[in-house]
Protein chains: 2
Amino acid sequence: MIRVLLAEDQAMVRGALVSLLGLEPDIEVVGEAASGPEAVAVAREVRPDVALLDIEMPGGDGITAAAMIREEVPDCRVVILTTFGRPGYLRRAMEAGAVAFLVKDSPASELAAAVRRVRRGERVIDPDLAAVALSAGPNPLSPRERDVLAAAADGSTVGDIAGRLHLSEGTVRNYLSSAIHKTHARNRIEAVRRARSQGWL
Amino acid sequence: MIRVLLAEDQAMVRGALVSLLGLEPDIEVVGEAASGPEAVAVAREVRPDVALLDIEMPGGDGITAAAMIREEVPDCRVVILTTFGRPGYLRRAMEAGAVAFLVKDSPASELAAAVRRVRRGERVIDPDLAAVALSAGPNPLSPRERDVLAAAADGSTVGDIAGRLHLSEGTVRNYLSSAIHKTHARNRIEAVRRARSQGWL
DNA sequence: GATCGACGGTGACATTTGTCAGATCCGCCG
DNA sequence: CGGCGGATCTGACAAATGTCACCGTCGATC
């Protein structure tokens with residue numbers, strides 16, 4: 001029996017995935033969580049064989065949760081389950097110690113299959129996505145550029161961002177400018193979109 | 001036996017929801033679709049009692065699909081199932097003839113419950129969301145303002161938008177300016193965010 | 001028939017944004 | 001030690017953005 005923890009913020013989707021896994025005779029969902037920190041807590045408690053973590057969750061993403069679970073429950077294999085197959089996500093997931101990366105676009109049957117494969121010690125990564133992630137290279141944004149771009153994403157003005165990050169307006173403009181350059185964008189909105197689609201934010 | 005059509009673009013979520021509904025003895029999933037147009041086609045084919053439609057789908061959203069299904073299969077009750085409980089979505093869903101509006105945040109048990117209730121002729125709408133939708137009022141953006149704002153959402157410049165919509169740059173700026181005003185935003189990025197969060201885009 | 005709102009436009013203006021050339025620190029690496 | 005890159009800043013400049021006032025045409029509505 002493979003003991004699985006499932007972390008996913010949308011209750012209906014979580015319930016549906018539980019029922020999907022429930023169809024498998026050799027898989028048992030022993031814990032559920034709706035946020036990253038909750039997933040870590042539950043993992044510590046139930047010590048599952050496999051943790052299925054969504055990336056897009058409120059209050060700390062699935063990737064940080066993955067790293068913490070690897071540390072606290074070393075025997076637990078971490079599978080990342082995400083809506084978006086972004087290269088940067090895959091890279092960060094691997095660095096956080098995940099052994100599988102599934103996108104929700106793939107057929108439902110993949111889920112149970114992936115759980116079994118990671119339990120046997122295999123890795124499960126979509127080869128196309130892996131190729132894209134490798135060819136795209138790592139995140140070119142410096143930490144500070146990333147911060148500033150993220151702060152600009154919600155429509156804040158340069159002044160707002162400068163205040164929030166305790167920087168001068170000129171510095172903020174400089175970081176934005178270089179982020180725009182590195183993302184091959186023409187303005188901050190495009191830069192934000194490109195960075196997002198690459199999983200750099 | 002309640003015959004259900006399920007339209008949802010993410011295959012894994014779709015499969016999971018099918019398995020969830022499969023647990024119910026009185027519910028049978030008789031059709032699946034991954035896009036709006038496909039949902040309409042399948043509905044015409046299988047004539048389900050209830051159609052469960054996701055809003056966020058590629059190639060024509062679930063709301064237009066809802067309207068078309070109502071027209072072509074009048075006996076079919078339409079349930080909208082969405083990630084985001086946006087007031088504007090609810091309003092448009094109701095105008096398109098949907099009888100229920102579910103957010104994926106709600107517990108998995110709500111799904112089967114809603115299917116049964118709409119089959120009995122009831123409507124299923126979260127009271128809180130309904131209150132928000134009513135108090136927020138209708139979409140204040142004129143069709144053209146909406147077009148221009150939508151075109152600005154991906155980081156296009158005024159020139160790009162003007163070209164794409166066959167308008168002068170001045171006109172584009174005017175529409176953007178009034179959209180920014182109506183959304184109480186300070187720039188186009190904020191305007192896009194606000195309009196999105198209200199379901200006006 | 002007058003009024004109103006949506007549509008489309010012009011021109012001028014102030015503000016914001018994006019770019020560039022520097023400059024200073026600091027830590028790291030050969 | 002010297003050099004390099006990251007972080008931070010300044011000042012100046014050009015381009016894009018946002019605002020405003022005002023002009024017309026429609027079609028609907030009172």
Side-chain angles (χ1 to χ4, degrees), chain A residues 88 91-92 95 136-201, chain B residues 88 91-92 95 136-201:
Chain A
R91 182 176 293 265
R92 280 191 278 158
E95 283 165 5
N139 186 342
L141 300 175
S142 78
R144 227 42 184 147
E145 285 162 358
R146 192 203 140 280
D147 291 345
V148 171
L149 197 56
D154 64 347
S156 299
T157 65
V158 170
D160 293 345
I161 303 170
R164 210 179 322 159
L165 273 75
H166 309 291
L167 294 174
S168 89
E169 302 208 355
T171 306
V172 171
R173 284 220 291 275
N174 287 340
Y175 282 137
L176 279 175
S177 185
S178 69
I180 289 168
H181 229 112
K182 289 183 179 177
T183 51
H184 308 293
R186 286 172 310 169
N187 53 50
R188 60 177 74 182
I189 318 184
E190 237 179 52
V192 167
R193 285 179 62 84
R194 302 231 164 148
R196 279 241 175 84
S197 80
Q198 294 291 317
W200 292 338
L201 244 52
Chain B
R91 182 177 294 265
R92 280 192 277 158
E95 283 165 6
N139 186 342
L141 300 175
S142 79
R144 227 42 185 148
E145 284 162 358
R146 191 201 141 279
D147 291 345
V148 171
L149 197 56
D154 64 347
S156 299
T157 66
V158 170
D160 293 345
I161 303 170
R164 210 180 321 161
L165 271 61
H166 309 289
L167 293 174
S168 88
E169 301 208 355
T171 306
V172 171
R173 282 220 293 274
N174 286 340
Y175 282 136
L176 277 175
S177 185
S178 68
I180 289 167
H181 228 111
K182 288 184 179 176
T183 51
H184 309 292
R186 286 171 310 169
N187 54 51
R188 60 179 75 181
I189 318 183
E190 236 180 52
V192 167
R193 284 179 61 85
R194 300 229 165 151
R196 279 241 176 84
S197 81
Q198 294 290 317
W200 291 338
L201 243 50

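Values below: all heavy atoms of this structure, side chains included; hydrogens, waters and symmetry mates excluded.
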Query - Trp200(A) side chain near Thr183(A) side chain, heavy-atom distance below 4.5 Å - result: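 Yes, close enough: below the 4.5 Å cut-off.
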
Query - Range on DNA chain D touched by chain A - first to last nucleotide, heavy-atom distance under 4.0 Å - result: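 Contact boundaries, 5' end first: dA7(D) to dA12(D).
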
Look only at the side chain of [X] and the backbone of [Y], and say whether a donor-acceptor pair between them is shorter than 3.5 Å.
| X | Y | value |
| --- | --- | --- |
| Asn187(A) | Glu190(A) | yes |
| Arg144(B) | Tyr175(B) | no |
| Arg92(B) | Gly199(B) | yes |
| Arg146(A) | Asn139(A) | no |

Query raised in the report: Given Thr157(B) and Arg186(A), is the side-chain hydrogen bond (donor to acceptor under 3.5 Å, both in side chains) satisfied, shown in steps?
Result: CA-CA 8 Å; Thr157(B) 66; Arg186(A) 286 172 310 169; 4.7 Å; no

Looking at every heavy atom in both [X] and [Y], which two are closest together, and how far apart are they?
| X | Y | value |
| --- | --- | --- |
| Ile189(A) | Arg188(B) | CD1-CD, 3.8 Å |
| Gly155(A) | Arg193(B) | N-CD, 4.3 Å |
| Ala185(A) | Ala191(A) | CB-N, 3.4 Å |

Query raised in the report: What parts of residues 181-201 of chain B reach DNA chain D, counting only heavy atoms under 4.0 Å away?
Result: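 Asn187(B), Arg188(B), in order of number.
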
Report task. For DNA chain D, determine which residues of residues 149-176 of chain A have any heavy atom closer than 4.0 angstrom to one of its atoms, and list them numerically. Result ->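 Hits under 4.0 Å, by residue number: Leu167(A), Ser168(A), Gly170(A), Thr171(A), Arg173(A), Asn174(A), Tyr175(A).
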
**Report entry** Given Val158(B), Leu141(B), Leu167(B), the one that forms side-chain contact (heavy atoms from CB on, under 4.5 Å) with Val148(B)
**Finding:**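 Exactly one option meets the side-chain contact (heavy atoms from CB on, under 4.5 Å) with Val148(B), and it is Leu167(B).
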
